[in-house]
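A short write-up of the structure that comes next.
Along the sequence shown, residues carry numbers from 1. No experiment lies behind these values; they were computed from the predicted model shown. Values reported hereafter were calculated over all heavy atoms of this structure, with side chains retained and with hydrogens, waters and symmetry mates removed.
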Amino acid sequence: FTFILLPCTGFFLMLHHMNILFCGDRNVQDGLLIAVLSLLENTQEHFDIYVLTLNITMNEKIYSPIEASFIDYLNNEVSAQYDDRLYIKLIDTTSLFKCETPDANLSTRFTPCCMLRLFADKIDEIPDRILYLDTDIICRKDFGDFYYQNMEGVELAGVLDYYGSWFFRKNVLKRDYLNSGVLLMNMSELRKTGLLSKCRHMCTTKKMFMPDQSALNRLSVSKRICERKYNDQRRLHIDTVFQHFTTHFKFFPYVRTETVKPWQTEEVTTVLHIPKTEYKALFDRYYDVKKSIRLSDADKQGKGELYV
């Protein structure tokens with residue numbers, strides 16, 4: 001909470017802060033920018049955003065950290081345009097990752113960035129309640145009801161995985177396999193049960209499909225299943241709060257997969273057939289900010305001030 005003194009009254013106004021967690025390397029910056037802008041546009045609350053990144057080479061692929069200059073621009077220029085409601089903290093988790101490398105899954109579709117959220121319990125700055133979001137998510141509506149739900153005795157709250165919940169389940173009588181792209185995390189409960197530590201160990205010793213998500217689902221002892229609208233993975237609905245741009249199957253004229261991400265703004269309309277008006281204002285804002293960041297970086301580079 002933040003307390004602000006109201007002028008000429010002697011009273012303080014208590015402001016809520018929503019804690020958000022993102023993870024990734026430099027390649028997610030476009031998605032991160034769109035996601036952050038969508039959060040700011042759809043709620044009036046303050047955001048404390050934690051971004052876990054890393055700097056590592058694995059399987060001949062280089063994972064470069066998110067640029068500090070990019071985060072600084074969001075904290076200074078973008079936040080000022082939204083009543084200073086945004087603060088982002090960039091956290092390097094390279095050393096944590098190297099200490100618990102997921103050896104059993106290095107040859108799978110797994111990417112190191114997927115696992116970074118599993119280190120949240122080892123980072124002191126992470127608060128007791130935090131909402132993890134993938135960087136291919138767009139917020140469409142206020143999500144206060146989801147964020148402020150009672151989490152007593154609950155480790156995680158999320159939405160069923162659109163496909164996986166039909167095939168993977170602990171309870172044979174009902175679907176219970178969560179998609180991990182939107183997860184409300186009760187960090188005090190997670191630290192108590194040791195779930196994230198158990199998941200890290202499983203990822204180092206057992207080969208799995210989508211290892212981090214699978215480990216969370218297999219090992220969680222208290223998860224809550226929430227409404228589809230809080231992680232809409234298949235298509236846009238009128239009540240969608242978070243739209244998650246996941247890979248999905250197409251069956252006509254032949255079976256194939258289809259993947260479109262938010263930063264592929266033209267394909268969002270031409271391939272997914274989402275009306276152009278739906279995200280036009282957000283995408284226009286995204287391109288404006290992206291252009292301003294490039295100009296700022298060019299100016300700093302010319303002055304020898306740019307750093308990463």
Worksheet item: Between Lys61 and Asp25, is the closest basic N to carboxylate O distance under 4.0 Å?
Response: no
Discussion item. Using only atom types and a distance under 3.5 Å, with no angle test, would you say the side chain of Ser38 pairs donor to acceptor with the backbone of Cys139?
Written reply: yes
Practice prompt. Taking all heavy atoms of Asp176 and all of Lys223, pick out the closest pair and write down the distance.
Written response: O-NZ, 2.8 Å
Practice prompt. Considering non-hydrogen atoms only, spot the tightest contact between Thr101 and Thr204 and give its length.
Written response: O-CG2, 3.1 Å
Discussion item. Tell me whether Asp136 contacts the main-chain N or O of Lys261 through its side chain, where contact means a donor paired with an acceptor under 3.5 Å.
Written reply: no
Discussion item. As an exercise, state the distance from CG of Leu196 to CG of Asp212, rounded to the nearest 0.5 Å.
Written reply: 11.0 Å
Worksheet entry | Between OH on residue Tyr63 and CZ on residue Phe97, distance to nearest 0.5 Å | 8.0 Å
Worksheet, complete the sentence: Per ring-ring contact (aromatic ring centres under 6.0 Å, His included), Phe242 is matched among Tyr132, Tyr230, Phe143 by Phe143
Item to complete: Taking all non-hydrogen atoms of both residues into account, name the closest pair between Glu100 and Arg200 and its distance.
Response: OE2-NE, 2.9 Å
Fill in: Candidate pair Leu216 and Leu118, rule side-chain contact (heavy atoms from CB on, under 4.5 Å), full reasoning
CA-CA 9 Å; Leu216 285 167; Leu118 299 183; 4.0 Å; yes
Discussion item. Checking side-chain polar atoms at under 3.5 Å, does Glu77 have a donor or acceptor matched by the opposite partner on Ser296?
Written reply: no
Item to complete: Mind checking the CD1-CZ spacing from Ile34 to Arg285? Nearest 0.5 Å is all I need.
Response: 12.5 Å
Fill in: Heavy-atom closest pair, residues Pro262 and Val268
O-CG2, 4.1 Å
Worksheet item: Could you state the interatomic distance from CD (Glu125) to CG (Asp48), rounded to the nearest 0.5 Å?
Response: 12.0 Å
Worksheet item: Would a distance-only check, ignoring hydrogens and angles, find a side-chain to backbone donor-acceptor pair under 3.5 Å from Tyr73 to Arg294?
Response: no
Practice prompt. Say whether Thr43 and Asp142, considering side chains only, have a donor N or O and an acceptor N or O under 3.5 Å apart.
Written response: yes
Item to complete: May I ask you to decide if His237's main-chain N or O and Lys229's side chain share a donor-acceptor pair within less than 3.5 Å?
Response: no
Worksheet item: Rounded to the nearest 0.5 Å, how far apart are OG of Ser292 and OH of Tyr287?
Response: 14.5 Å
Discussion item. Rounded at 0.5 Å granularity, tell me how far CG in Leu52 sits from CG in Leu21.
Written reply: 5.0 Å
Practice prompt. Identify the two heavy atoms, one from Arg191 and one from Ala120, that lie closest to each other, and give their separation to 0.1 Å.
Written response: NH2-O, 3.5 Å
Worksheet item: Are Lys141 and Asp239 close enough for a salt bridge, meaning some N to O gap below 4.0 Å?
Response: no
Discussion item. Donor-acceptor pair, distance only, cut-off 3.5 Å: does the side chain of Thr94 make one with the backbone of Asn55?
Written reply: yes
Discussion item. Looking at Val159, is its backbone amide N or carbonyl O close enough to the side chain of Asn179 to form a donor-acceptor pair, meaning the two atoms are under 3.5 Å apart?
Written reply: no
Item to complete: Please report the C-alpha distance between Arg117 and Ser180 in whole Å, then the side-chain angles of each, then the deciding distance to 0.1 Å, and finally whether the side-chain contact (heavy atoms from CB on, under 4.5 Å) criterion is met.
Response: CA-CA 10 Å; Arg117 57 188 162 182; Ser180 59; 2.8 Å; yes
Practice prompt. Answer yes or no: is there a donor N or O on one side and an acceptor on the other, between the side chain of Thr246 and the main chain of Gln233, under 3.5 Å?
Written response: yes
Practice prompt. Indicate yes or no for a side-chain donor-acceptor contact from Lys98 to the backbone of Ile56 under 3.5 Å, with no hydrogens or angles considered.
Written response: no
Item to complete: May I ask whether Ile130 and Tyr87 are part of the same hydrophobic cluster, defined by side-chain heavy atoms of I, L, V, M, F, W, Y residues being less than 4.5 angstrom apart, directly or through others?
Response: no
Worksheet entry | Steps toward side-chain contact (heavy atoms from CB on, under 4.5 Å) verdict (Val241, Asp145) | CA-CA 11 Å; Val241 176; Asp145 289 348; over 6 Å; no
Worksheet entry | Val78 and Leu40, any side-chain heavy atoms less than 4.5 Å apart | yes
Fill in: Parallel, tilted or perpendicular, as decided by the 30° and 60° cut-offs, for the rings of Phe245 and Tyr279
tilted
Discussion item. Could you tell me if the side chain of Leu178 sits less than 4.5 Å from the side chain of Ile225, heavy atoms only?
Written reply: yes
Worksheet item: Ignoring hydrogens and geometry, is there a side-chain-to-backbone donor-acceptor pair from Gln29 to Ile66 under 3.5 Å?
Response: no
Item to complete: Show your working on side-chain contact (heavy atoms from CB on, under 4.5 Å) between Asp161 and Gln213 and close with a plain yes or no.
Response: CA-CA 10 Å; Asp161 189 86; Gln213 179 170 286; 3.6 Å; yes
Response to the item:
Between Leu133 and Ile137 the two heavy atoms that sit nearest each other are CD2-CD1, 4.4 Å
Worksheet item: Do Thr247 side-chain atoms and Glu258 backbone N/O form a donor-acceptor pair below 3.5 Å?
Response: no
